[in-house]
Protein chains: 2
Amino acid sequence: MKGLGELERSIMDILWAENAPLTAREVGRMIEDRDLAPTTVMTVLDRLSRKGFLNRTRDGRAWRYQPAASRDAYVAELMLEALDLTGDRDAALTRFAQAVSGSEAEILRKALTELEEE
Amino acid sequence: MKGLGELERSIMDILWAENAPLTAREVGRMIEDRDLAPTTVMTVLDRLSRKGFLNRTRDGRAWRYQPAASRDAYVAELMLEALDLTGDRDAALTRFAQAVSGSEAEILRKALTELEEE
DNA sequence: GGGTAGTACTACGTCCCGTAGAGAGGTGAG
DNA sequence: CTCACCTCTCTACGGGACGTAGTACTACCC
């Protein structure tokens, strides 16, 4: 998987937050702060779908874009990818476990426990 | 933290594997497969230390480089960084817990348990 | 004192990404 | 019908990171 640039991530954030597939125009309207040309938004949406982050379907002349995977799945995959960089996965995992804050350790513990019960 | 390129990572791998600080020449000798010019290795080592991944100390005219942090710490930090990308850390953590394979889930569980006991 | 090793500085090509214009083709208003 | 407009696709440019390396200078060994 390739990483995302800053604008790409902003746009993914919008689409992740929305439940319905959006057109380029709709996305553009939601990034007013950056005052981007419409084609800029279109280009980025196109690149994102080319990279597999978005799926798109026709709606008249326009495309509607929606995330191919949930944000959580994306983040989890990034984490697994980071984990793959190490030779010693166990050590890295241990380290990671120590690094997460208390409440998050609790979340992890719970998720792992549920996992065990299945 | 910035990511590492491929050559940069190869070189970090060498230095992480070694316990002693190495000179550019020594590092270069350990990447024979790529047949790099000595200056290439030096440039990359220089960039890595500039980025904070390596510390260097003088040894005669030469520099000796060694990692500023362990590989595990680096990987753990990458994982935490990925985690920061989400709005919903709990969901992402849960997802992550589900994604790690069984034996690794075991490692995580153990690390978390030890954490709890302290 | 000349070869060797090591350094610092500079450079070039490539790829990714932010950004956007040009041109093509449909569409609705008058 | 015609024109303004929307949306698409294609092309492009500038900056930054990275792989790669040359050059020029200095210091040491024999």
Verdict with reasoning, A/Val27 to A/Tyr65, per side chain to side chain contact (heavy atoms under 4.5 Å, CB included): CA-CA 9 Å; A/Val27 172; A/Tyr65 295 87; over 6 Å; no
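If A/Gly3 and A/Ala37 are placed on DNA chain C by their nearest nucleotide, the residue sitting closer to the 5' end is A/Gly3.
Of the candidate nucleotides D/dT20, C/dT19, D/dC8, D/dT20 has the atom lying nearest to any side-chain atom of B/Arg34.
The minimum heavy-atom distance linking A/Leu22 with A/Met30 is given by the pair CD1-SD, 3.9 Å.
Within the nucleic acid shown, A/Arg9 has no heavy atom closer than 4.0 Å to any nucleic acid atom.
Taking the charged nitrogens against the carboxylate oxygens, A/Arg109 and A/Glu106 do have a contact shorter than 4.0 Å, which makes a salt bridge. With salt bridges taken as basic N to acidic carboxylate O contacts below 4.0 Å, none links B/Glu8 and B/Arg47. Salt bridge status for B/Asp13 with B/Arg9: absent, with no side-chain N to carboxylate O gap under 4.0 Å.
Counting only distance, with no hydrogens or angles, the side chain of A/Trp16 and the backbone of A/Ala69 share a donor-acceptor pair below 3.5 Å.
Between C/dA20 and A/Thr40, a contact under 4.0 Å exists linking OP1 or OP2 to a side-chain N or O.
Counting heavy atoms of neighbouring residues, nucleotides and ligands inside a 6.0 Å radius, atom NZ of A/Lys110 does not exceed 12 of them. Within a 6.0 Å sphere centred on CG of B/Asp84, other residues, nucleotides and ligands contribute more than 12 heavy atoms. A/Asp33 CG: more than 12 foreign heavy atoms inside a 6.0 Å radius.
A straight line from CD of B/Glu6 to C1' of D/dG19 spans 10 Å, rounded to a whole angstrom. The OH atom of A/Tyr65 sits 10 Å away from the C1' atom of D/dT9 (whole-angstrom rounding). The CG atom of A/Asp33 sits 14 Å away from the P atom of C/dG18 (whole-angstrom rounding). Protein atom CE of B/Met12 is 16 Å distant from nucleotide atom C1' of D/dC18, rounded to whole Å. Atom CH2 in A/Trp63 sits about 12 Å away from atom C1' in D/dT7, given to the nearest Å. If you measure from atom CD of A/Glu26 to atom P of D/dC8, you get 11 Å, rounded to the nearest angstrom. Here D/dG19 presents its C1' atom at 9 Å from CG of B/Leu36, a figure rounded to the nearest Å. As a whole-Å value, the separation of B/Glu8 CD from D/dG16 C1' is 13 Å.
For residues 50-62 of chain A, proximity to DNA chain D is found at A/Arg56, A/Arg58, A/Arg61, A/Ala62, defined as any non-hydrogen atom under 4.0 angstrom from a strand atom. Near DNA chain D, meaning a heavy atom under 4.0 Å away, the residues from residues 42-49 of chain B are B/Thr43, B/Val44, B/Arg47.
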